[in-house]
Amino acid sequence: MGNNPVMNGLTWGAEAFIGLFQEAADSFMGLVTGVLPLLMVMLTFMYALTTWIGEERVTNAVRWAGRFTITRYTIMPMLSMLLLTNPMAYTFGRFLPERYKPAFYDSTVSFCHPVTALFPHANAGEIFVWAGVSAGVMQAAPEKYATLAILYFLVGMVVILIRGIATQWMTNLLIKRGGHAKTFAKYDEDYAAGRIQGVSA
């Protein structure tokens, strides 16, 4: 039977099939003992921090960040990702005038992956992106892991600022070209009067 090519092929196929699931199980155990506890502790910490600071103060900080272009597309998306995580982070857009919501969404969704470098809990479902980016560094120069994480995070902040400003410019252009200036002026009046979606005046 040792020289039977059919049996040898079947044996190899069975071993490879079982080996595939064994590798998957080993990978899962690595997550259970490594990444998952980290994510759970970070989530718990962020929820505790939000509770300790107070929801109203957190909301006020987010609303303050939405007042200025630079903070609207840097601090605001970062806070929303850290405190609410993906995909709830986008709900902070309700604190902005209608004309800024598309740009805020663009900034926030673009920060989903850079944020995982330092705060993996914010987008735990896609931690594999950061794991893929950092895998080579972990093998070639593990001591540079923290440096890479910081640079990845900071470059992400620059990118979301650029995307936010560009999307805001495009939104304003489309509002003018589409003849929606009066509609958005009414939205701005509602916002100034405190009629914000999900928030009492």
Any [X] side-chain heavy atom under 4.5 Å of [Y] side chain:
X: Glu98; Y: Tyr191; result: no
X: Met81; Y: Cys112; result: yes
X: Thr71; Y: Met76; result: no
X: Tyr187; Y: Arg99; result: no
X: Trp130; Y: Leu148; result: yes
X: Thr69; Y: Ile165; result: yes

First locate atom [atom1] of [X], then atom [atom2] of [Y], and finally report the distance between them rounded to the nearest 0.5 Å.
X: Thr74; Y: Leu161; atom1: OG1; atom2: CG; value: 6.0 Å
X: Arg94; Y: Arg63; atom1: CZ; atom2: CZ; value: 9.0 Å
X: Phe111; Y: Ile160; atom1: CZ; atom2: CD1; value: 5.0 Å
X: Met170; Y: Leu174; atom1: CE; atom2: CG; value: 8.0 Å
X: Tyr90; Y: Ser80; atom1: OH; atom2: OG; value: 8.5 Å
X: Met78; Y: Ile75; atom1: CE; atom2: CD1; value: 4.5 Å

Same apolar cluster: [X] and [Y], side chain cutoff 4.5 Å:
X: Val109; Y: Leu82; answer: no
X: Leu151; Y: Leu118; answer: no
X: Leu84; Y: Tyr105; answer: no
X: Phe184; Y: Leu96; answer: no
X: Leu79; Y: Met88; answer: yes

Distance-minimising heavy-atom pair for [X] and [Y]:
X: Thr108; Y: Pro77; result: OG1-CB, 3.6 Å
X: Phe104; Y: Gly93; result: CE2-N, 3.4 Å
X: Pro114; Y: Ser110; result: CD-O, 3.5 Å
X: Ala122; Y: Val115; result: CB-CG1, 3.7 Å

Side chains of Arg163 and Ser107: is there a donor and an acceptor less than 3.5 Å apart?
-> no

Any side-chain donor near an acceptor of the partner, Arg72 and Gln168, under 3.5 Å | yes

Can you name the ring-ring contact (aromatic ring centres under 6.0 Å, His included) partners of Trp64, sequence neighbours left out?
-> Phe68

Looking at Asn86, Val133, Asn123, which hits side-chain contact (heavy atoms from CB on, under 4.5 Å) with His113?
-> Asn123

Using the ring of each side chain (for Trp, its six-membered ring), is Phe92 parallel, tilted or perpendicular to Phe95, with breaks at 30° and 60°?
-> tilted

Passes salt bridge (charged side-chain N to carboxylate O under 4.0 Å, His left out), Lys186 versus Glu189? Steps please.
-> CA-CA 5 Å; Lys186 177 66 169 64; Glu189 289 175 11; 5.4 Å; no

Does Glu143 CD have over 12 foreign heavy atoms under 6.0 Å away?
-> yes

Hey, would you say the Trp169 and Tyr100 ring centroids sit under 6.0 Å apart?
-> no

